[in-house]
Structures are given as C-alpha cells and as structure tokens.
Amino acid sequence: MSEDDAPAKVHVSGIESADAMSKARSSTQLPDRRIQVHGTGIKPPYNPYRLASFLELNETLAVGIRKKARYEVGYGFSIVPHADVDAEDASEEERETARGFWRGRRSRWQTKARRSAEPTTPEEVLELARQDYHLVGWCCLEILVDMEGTPVGLAHVPANTVRVRKPQSRFDQPRHPEEGRFIDNDEAAQYASRGYVQVRDGRRRYFGEAGDRYRGRGEDDGRDPLFVDRETGEVAVGSAERLPNAPANELIFLANPSPLADDYGIPDWVSAIRTISADEAAKDYNRAFFDNDTIPRFVIKVTGGELSEESKRDLKQMLHGLREESHRAVILEVEKFQSKLDQDVEIELEPLGQGISEEMDFRLFREKNEHEIAKVLELPPIKIGNTETSNRSNSDVQDREFALEVIQPEQHKFASRLYQILHQQALGILDWTVEFELRGADQPKEDADIARRKIQAVRGAIPVDRALEMIGEEPLPDDHPVDGDTLVANVGREETGQPGGTPAVENQLPPEENKIGERAWADVEADLATKDPIEQTQFDSSTLAEGLYDFGEQELFLSFKREGQNSLYAYVDVPPSKWAGLVQASSTGSYHYDNIRLDYPYVEITNFHDRLPEGPSPDPDDVPDDIPT
C-alpha cells in the first residue's frame, strides 16, 4: 500500500492513540496517597476505635444511630421485581434463587465471629452493618459461601477492625503483604495487596473484594477471577489452587462518601465531635457538683475575734453534715474566742453564688448540645424523645419527613448495592431485588403502590382479604359475591370466562371510605353544560361505559356498566396525565383499577339516567403540556 492509499490519521492534541482514548473511560484524577502500614492496610482519616467509643459517651448519638439503622433495615424487606423489569416477565426461577439466599433453610447469618454463635436473621446482620456505617463511616459484610463458592448468607464484621489494602503498581515496588519480598510476576503484582485486612488482638485475617471471584462470568467479561489467601493476603489470578492456604471470603465494603477520604468513609456526626466532647464535660461537671458541691454557696465571716480550734472543728463537722442533708436547719454557736474579748464580735454568712441560675444555664447548655447532635444526624426532635415542642400534628410531619428525606434514600442506596453485588454478580439474578420496608411515611397512596407491587411479585397468589389489608382496605363482607379467601389472580375469571380477566364491576367501583359527598345528576348536567373545555370518550370495556374530563376543574367523570342503569362517579383533583393514560390504555378497566380507583377522592352522582355530554373539546393549542401525545 502506498502512502497515498494509506488511511488518513487525525491528530488531536493530548490523544496519541486508540489505547489512550480507551483509558479516558475511567477517572483520570489523582489518587489519595494516604499512608499504608505494612501488613495492616491504609491508615483511616480518623481512629475508628475512638469513633466507635463515642457510642457509649453520648446518649443522643447512641439513640440517633441505632434508630437510623433500625428504621433503614430493621423492619424487614421484600423480594420484588427490579424497577427496570416488568413484574409479568420476571423470572420465577431467579425469584426462588433469591428467596433461597435470603430466607432458605441453608442460608446462614452471623453477628459474631464464632461459628457456634446463636442463630440470627438477615435483619439483625444488616442492622449492625448500618450502625457501623453511621458510627464509623463504613460497614463490612462478609459473604459466606458453600463448598462450591455459592453465597449462602452474610456475617457482620466490625468496621473498626477492618482496613483497606490498596492495589500496588510497579511504581510502588509491589511486595508480598506478609513476607515483604518483591513480587516479580507482573500479573500478580498488578493486584498485590488487593482486598481488606482485619486486625484484632495483634492478629491479621485477609478478605477479598466483593465480586472478584465472580469475574469473567458475563458474556462480555474477559477478566480473570481473583482470590486472596486468608492467612497471608497473597493474591492469585485465575485460580485459588496455588494459594498456600484456603481462599479468603469476600467483603462487601460500603463507605459513607466524603470529599476528605477516598478509601474510607467519614460519619456525618464528625462535625459535632466538639459538641459531644463539651456535652461530656458538662455531664462530668454536673456529676462532680452533686457529688462534692465544691462550688461555695456562702462564706462564714468572723469579725472582731478568732474561732478556737475546737470551734473550727465543730464548724467543719457542721458543713459536712450540710452536704449530706442540705435542707435541714442548723444552729451555729461560738463557744469562745482566744483574744479581743472586749470588742464586739460578729459572725456573718454571706452568699457567693446563685445555684438555681447555674443549674438553669447547665440545662440550657445541654439542650443546645442535644439539638446540634440531632441536627447532624438529621433526626427530628420527636425521635430523640424531645416532646416539649411536639404535638400530634407536627409529630406526624416530623415522622413523614424523616422517613422520606432521610431513611428512604439510604434504603434505596443500600438495596441497590446489595442487588449489584449479591444478586447480579454473585447469584446471577437480574430480575429481582430487595425493597426495605419504610415506616413513618404515612402515605396511603405510596403504601398502596408498594403493596400492589408485592402482590404482583407473587403473581396474585394471595387471598383477596389479605391483599385488601395490605392496601389499607377492610376485608370483604360475608355477603359479598367474591369470597375473601379467593386468590387475587382468580378474581374476575368467572365473570369474564377467561383466565386473568378484568375484575367484575363491583370490584372496580371506588371504595366507600374515599367518598367525599353526593350530587344529583341534574345539577351536574347543568354545570357541565357551561364547562369549557371538556373531553368525552366511550370505552371498549366490560366495566367502564364512558368517561368525561373537565380540564378546568380537573374532575374525571366515569360511568360504570351496571344492570338496569349505569353508575356515575366524579373523581376530584385528577391531573390531565391520568386522563390521557386512561384514554390511551390498552385495558381501561385495569388502568383505572391500578392508577385511579384508590388514589383520588370522589363524589357519587345520583339519579344518573343520561349519556355524558360530548363537548366542547379543548383546542389543540390549549392542551396542557403534561398530557402525553
């Protein structure tokens, strides 16, 4: 090939080759060069043992951290379809695999290092991990595996005992973690000191990085698996056979992100360390005050004479008695003086301090400290037992904000990491994840949506009465045409004659507790005649006859097919997007049942005999922007 036929090369400043281009896909920022002690990992930004000790020093910190961990994971979780997967298409085989890991008879859960520790549950293990996350800044979960390397459970590893081992490069002169010798094998040197080390009582135990042993399992993953020797920390590439000891288990290491630390996390409450220290000093001061009463409240002044040694001794005895019985009456007598008997002698008790005032200042100081500690933990006053500024109304608001703004985001992040590491990498589960229960939100609509997803996750294999309880509804009455023990998946099949058919009309009607009033059709019809714009459509449905939407009032009128004459209901405060979704839905009955029936209050229209009016429809230019086209 001549030079003229050769492909043209384009040179861009800073990029010399395709290889350089590929390297830009990962971060090019400078790494943290924190000191790594030989064999014991990288030094954390704060002493984790000191951070952990604060749990016993301050009651506000202890209550706050335990409550956050309990609210995040302590109330349990469900196995649900992943947000990107349709519940109908989720693999049942994967669901059974996930259930076997979390709830199976062979699954193992440990909160102690001892194998013979008492039986525990996933919630207890995860709750301890979340306590470490908020107290120390990171948490560690050991992945327990069977003989084939398949995960069968998790064990909590105290975060304050774990250190990060940073992978070495040729510039670091890679050495063996225990022996200190140089590593000549380039491939092994690349991963030297990968993983984590636990340091306890002068001993060391090594752990691998979560997911390393499962590398190369994906179709597009050409990486070799990595294994770490549990005793020496040596890293093997491709196979664990050449390790002198058994391969180490892997750690799920989750850090609370901070701009001050790359390898570790920093707890949110670190900014309040000085406040906590001041509060501890205040408690010591207060205890010393009540134990010794060393601050003098008064001074005894003797003018014109001098007390004898015997009188001084009696006076000291009297003062000691006052400390033990501070409120008893005392008579002070002076028996004799050594000189100046011809002069007037005066004995005066002069107050020096204001005890009540000092006690008030002390209480206000501690209240201020408590408020600042709770603030950095994002805890509302009601959660730390402060009821002075709380009533039933604002307590509900505090609970709801705490659940939605503090707990829910942490739950989502934690569940996503468990899904990615355990479900995707280790177990090969793509369709199912975990969803932690959220307490305190007090949101009927959101709770109903969560319950609905749980019902879908089991393909409707749950009794009707149980499903109604989950969404906050009363069980069906005894005279209802549908038996409460009937599975949700079977409801409506008799009415439609087809498996999985649309629920019967009676089950489609809105619940009585959502009803906010009644109106006569004659009054409604007169009002609709003056409305502009409105839109009406007829449905091809076994339950819904027709619908009308009032864009101005955002009211949705739905006519249900009934024997004799149709029933009419008007849902209020329905956004235009719901009307558009209903009109465009492939099954209007199902869309109404899932998205409208339980979510909006309604007015029942009585004496309805006519058809709904048909216009005028809105001008295309006036259609609200939130209606999909």
Side-chain angles (χ1 to χ4, degrees), residues 73 77-85 90-111 120-123 125-126 128-130 133 138-157 162 164-165 191 194-196 198 205-230 235-241 243 246-255 411-436:
V73 300
F77 58 89
S78 300
I79 301 172
V80 300
H82 192 267
D84 297 334
V85 178
S91 168
E92 191 65 27
E93 182 179 354
E94 287 189 3
R95 177 178 177 273
E96 288 303 316
T97 302
R99 185 181 180 279
F101 172 79
W102 292 105
R103 305 294 186 190
R105 296 178 59 185
R106 295 179 59 249
S107 60
R108 301 200 306 271
W109 308 92
Q110 289 183 221
T111 56
T120 186
T121 64
E123 288 82 3
V125 174
L126 298 179
L128 281 176
R130 295 305 295 179
Y133 181 88
W138 65 89
C139 65
C140 303
L141 291 166
E142 179 185 3
I143 303 176
L144 306 178
V145 296
D146 58 15
M147 297 297 294
E148 289 76 30
T150 302
V152 293
L154 298 173
H156 167 253
V157 181
V162 175
V164 177
R165 301 169 65 211
Y191 300 107
R194 185 180 179 91
Y196 310 94
Q198 183 185 35
R205 176 60 54 86
Y206 294 91
F207 293 91
E209 189 172 314
D212 274 358
R213 66 169 58 192
Y214 306 109
R215 287 158 48 119
R217 289 191 174 186
E219 295 180 1
D220 300 328
D221 190 354
R223 302 174 302 168
D224 292 322
L226 303 176
F227 300 89
V228 176
D229 191 298
R230 67 172 61 179
V235 179
V237 181
S239 172
E241 293 182 356
L243 293 177
N249 285 343
E250 296 182 340
L251 276 191
I252 299 176
F253 185 94
L254 304 179
Q411 287 181 332
H412 175 73
K413 290 188 294 183
F414 192 39
S416 297
R417 296 294 295 274
L418 294 177
Y419 167 75
Q420 181 183 13
I421 296 173
L422 288 174
H423 285 209
Q424 282 188 309
Q425 296 180 359
L427 297 171
I429 299 172
L430 304 179
D431 294 351
W432 299 86
T433 185
V434 294
E435 184 176 74
F436 293 103

Which atom names give the shortest non-hydrogen contact between [X] and [Y], and what distance separates them?
X: Ile143; Y: Ala210; result: CD1-CB, 4.2 Å
X: Asp224; Y: Arg215; result: O-NE, 2.8 Å
X: Leu427; Y: Pro151; result: CD2-CD, 3.9 Å
X: Val85; Y: Pro81; result: O-CB, 4.3 Å
X: Tyr419; Y: Leu430; result: OH-O, 2.6 Å
X: Ala236; Y: Ser239; result: CB-O, 3.3 Å

Looking at [Y], is its backbone amide N or carbonyl O close enough to the side chain of [X] to form a donor-acceptor pair, meaning the two atoms are under 3.5 Å apart?
X: His423; Y: Ala98; answer: no
X: Asn249; Y: Glu142; answer: no
X: Tyr133; Y: Cys140; answer: no
X: Arg165; Y: Arg194; answer: yes
X: Trp109; Y: Leu126; answer: no
X: Glu94; Y: Asp431; answer: yes
X: Arg213; Y: Pro225; answer: no

Between Gln411 and Val73, does the side chain to side chain contact (heavy atoms under 4.5 Å, CB included) criterion hold? Intermediate values first, please.
CA-CA 7 Å; Gln411 287 181 332; Val73 300; 5.8 Å; no
Not counting sequence neighbours, which residues clear side chain to side chain contact (heavy atoms under 4.5 Å, CB included) with Arg103? List them please.
Phe77, Arg99, Pro122, Glu123
Quick one: does Val237's side chain get under 4.5 Å of Leu226's, heavy atoms only?
yes
Go through it in stages, so that I can follow the logic: the residues are Thr97 and Phe101, the test is side chain to side chain contact (heavy atoms under 4.5 Å, CB included), and I'd like the CA-CA distance, side-chain angles, deciding distance and then a yes or no.
CA-CA 6 Å; Thr97 302; Phe101 172 79; over 6 Å; no
Rounded to the nearest 0.5 Å, what separates atom [atom1] in [X] from atom [atom2] in [Y]?
X: Leu141; Y: Ile421; atom1: CG; atom2: CD1; result: 9.0 Å
X: His156; Y: Leu154; atom1: NE2; atom2: CG; result: 11.5 Å
X: Tyr214; Y: Thr150; atom1: OH; atom2: OG1; result: 7.0 Å
X: Arg230; Y: Gln198; atom1: CZ; atom2: CD; result: 12.5 Å
X: Ile252; Y: Leu422; atom1: CD1; atom2: CG; result: 4.0 Å
X: Glu96; Y: Trp432; atom1: CD; atom2: CH2; result: 9.0 Å

